[in-house]
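In listed order, ligands and their atoms are each counted from 1.
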Amino acid sequence: MQVLVVGAGVIGLAVARAAALRGHDVTVAEATGGIANGVSSRNSEVIHGGLYYPTGSLRARHSTRGRRMLYEFCASHGVAHRQCGKLVVATDPGELAKVETIMAQGQANGVEGLEIIGGNAARAMEAELACTAALWSPTSGIIDSHAYMLALWGELQDRGGMIAFETTVEAIAAEAAQWQVRFSGRDAGTLAFDAVVNAAGLGAQNLARRIEGYPAEKIPRLVLAKGNYFGFAGRPAFSRLIYPTPVDGGLGVHVTVDMAGRMRFGPDVEWISAESYTVDARRADSFYDRIRTYWPGLPAGSLVPDYCGIRPKLTGPGEPAADFMIAAERDHGLPRLVNLFGIESPGLTASLSLAEEVVGCLAG
Ligand SMILES: Cc1cc2nc3c(=O)[nH]c(=O)nc-3n(C[C@H](O)[C@H](O)[C@H](O)COP(=O)(O)OP(=O)(O)OC[C@H]3O[C@@H](n4cnc5c(N)ncnc54)[C@H](O)[C@@H]3O)c2cc1C
């Protein structure tokens, strides 16, 4: 099939690669001038174990399976990564119950090697940590996500696929068993494809509205939840991922380390109504308070505003978290068309597994 994938973020690239590996003729249309200019360049670069998500959900299934596939991919394609492990910390007895619930959920999801350890055992791993107990997740890790996306792009090219940059999909209409797709930008014009995958991230709902005949009631609302990060201007205190217990809308202000060993904190949850990428330095106050519950040694004045990312959520504050939405023919009635909505965390971890499911939907 001639397959069009809209969006060259991690999801679009993984889907395009998977389609090309199945022998399809693949084109990716990307509105900006490069890969990974959207949500995919603004995240924590964590390979998640798969702890938090309801068993049987797409997020649970694709994060555990996707994580295993991702480690294999990194090893075979020379993508820098480190399986550093993660501690989810309880700082008082009330939080221990929460940590135990997360462990039970993780075990039900098939996450390997989980154990609850005491405060002293946690401090033997990370000397500056203050906690009464912690959940140790040895399969969590970090990845150079840009190198990963370059590797996906490379494989796509090896299989004859290509990316049209600065090319925006404006409208899609069915005609004679094909999809007629109208583009603006560098490759403006109309072309026919057998199948279309909408992996437009924050633009997915907008694009779905431009698909002729697509049922409007099947397009979920888009809720924007910004996640701000603060960098740490000092010598890194931790070498593993340190997470507090989750908060409404996110996993809590955690410690991430990057492949260079640098340490940063975030993301928090800031509900917003329009896209904006400035980090308000005043948010640092709440970061200091939260971080000092598990790292009392955080020096004053050491946090500097860094970057932020926007989660494409499907539910708002106080509502239960939504699952990933893979809307295929069985859901909307239109053949060889898949819309991906709400691909927030753990989309990076889940990408390879999710991509296989999406490409499977095109055949049906
Ligand atoms: C703060 C934050 C932290 C996160 N941390 C993690 C983490 O540690 N681990 C993890 O596994 N996941 C994490 N995630 C989730 C992960 O980053 C996302 O799930 C993933 O990046 C989504 O990728 P995407 O390809 O769907 O979207 P994007 O990367 O946004 O790609 C979509 C692309 O589509 C293009 N586009 C839009 N409309 C059109 C159009 N009409 N025509 C052509 N192109 C178009 C855009 O320009 C964009 O490049 C995090 C997310 C956030 C926000």
Evaluating non-hydrogen atoms only, which member of [options] is closest to [atom]?
| atom | options | value |
| --- | --- | --- |
| atom 7 (C) of ligand 1 | H48, H62, K226 | H48 |
| atom 39 (C) of ligand 1 | G38, G347, A200 | A200 |
| atom 49 (O) of ligand 1 | M149, K313, E30, R311 | E30 |

Please report which non-hydrogen protein atom sits nearest to [atom], along with the residue it belongs to and the distance in Å to one decimal place.
| atom | answer |
| --- | --- |
| atom 31 (O) of ligand 1 | G9 CA, 3.4 Å |
| atom 4 (C) of ligand 1 | N43 CB, 3.1 Å |
| atom 52 (C) of ligand 1 | R42 O, 3.9 Å |
| atom 28 (P) of ligand 1 | V39 N, 3.6 Å |
| atom 34 (O) of ligand 1 | G7 CA, 3.2 Å |
| atom 24 (P) of ligand 1 | I11 CG1, 3.6 Å |
| atom 13 (C) of ligand 1 | S345 OG, 3.5 Å |
| atom 29 (O) of ligand 1 | S40 OG, 2.5 Å |

Under 3.5 Å between any N/O of [X] and any N/O of ligand 1: does that happen in this structure?
| X | result |
| --- | --- |
| V169 | yes |
| V10 | yes |
| A31 | yes |
| N37 | no |
| T168 | no |
| L348 | yes |
| V46 | yes |
| G203 | no |
| I343 | yes |

**Report entry** Where T315 and P320 come nearest, the two heavy atoms and their spacing
**Finding:**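 Where T315 meets P320 most closely, the heavy atoms are OG1-O, 3.0 Å.
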Query raised in the report: What are the two closest heavy atoms between A199 and I11, and how far apart are they?
Result: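 Here A199 and I11 meet closest at CB-CG2, 4.2 Å.
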Query - Matching residue for E270 among R282, R283, R311 - test: salt bridge (charged side-chain N to carboxylate O under 4.0 Å, His left out) - result: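 Of R282, R283, R311, salt bridge (charged side-chain N to carboxylate O under 4.0 Å, His left out) with E270 is met by R283 alone.
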Report task. Take Q2 and D194 through the side-chain hydrogen bond (donor to acceptor under 3.5 Å, both in side chains) test and state the conclusion after the steps. Result -> CA-CA 5 Å; Q2 303 256 336; D194 301 309; 5.6 Å; no
Is there a side-chain contact between [X] and [Y] (heavy atoms, below 4.5 Å)?
| X | Y | result |
| --- | --- | --- |
| L298 | Y288 | yes |
| V79 | L150 | no |
| R65 | E356 | yes |

Report task. Before giving the answer on side-chain hydrogen bond (donor to acceptor under 3.5 Å, both in side chains), spell out for Y148 and S351 the whole-Å C-alpha distance, their side-chain angles and the decisive distance to 0.1 Å. Result -> CA-CA 11 Å; Y148 166 50; S351 50; 2.7 Å; yes
Query raised in the report: Is there a heavy atom of T167 sitting under 4.0 angstrom from any atom of ligand 1?
Result: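 Judged by the 4.0 Å heavy-atom criterion, T167 does count as contacting ligand 1.
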Query raised in the report: Out of curiosity, is Y229 lining ligand 1, as in a heavy atom under 4.0 Å away?
Result: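 It does, in that a heavy atom of Y229 comes within the 4.0 Å cut-off of ligand 1.
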Query - Ion pair check, K218 and D331, cut-off under 4.0 Å - result: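 Here K218 does not pair with D331 in a salt bridge, since their nearest N and O are not under 4.0 Å apart.
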Query raised in the report: Would you call E72 and R67 a salt bridge, taking side-chain N to carboxylate O under 4.0 Å as the test?
Result: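 Salt bridge absent between E72 and R67.
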Report task. Assess the pair F265 and F287: is the distance between their ring centroids shorter than 6.0 Å? Result ->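 Aromatic pair excluded; centres sit 6.0 Å or further apart.
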Query raised in the report: Which word best sums up how the rings of Y243 and H254 line up, parallel for under 30°, tilted for 30 to 60°, or perpendicular for over 60°?
Result: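 Y243 vs H254 ring planes: parallel.
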When you look for heavy atoms under 4.0 Å from ligand 1, do you find them on the side chain of [X], its backbone, both, or neither?
| X | result |
| --- | --- |
| C308 | neither |
| I310 | backbone |
| V6 | side chain |

Query raised in the report: Does the ring pair (Phe, Tyr, Trp, His ring centres under 6.0 Å) test come out yes or no for F324 and H62, once each step is laid out?
Result: CA-CA 10 Å; F324 291 159; H62 289 304; 7.4 Å; no
Report task. Using modelled atom types only, decide if a donor and an acceptor are shared between the side chain of N228 and the backbone of V279 within a distance under 3.5 Å. Result ->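 Not a single qualifying donor-acceptor pair exists.
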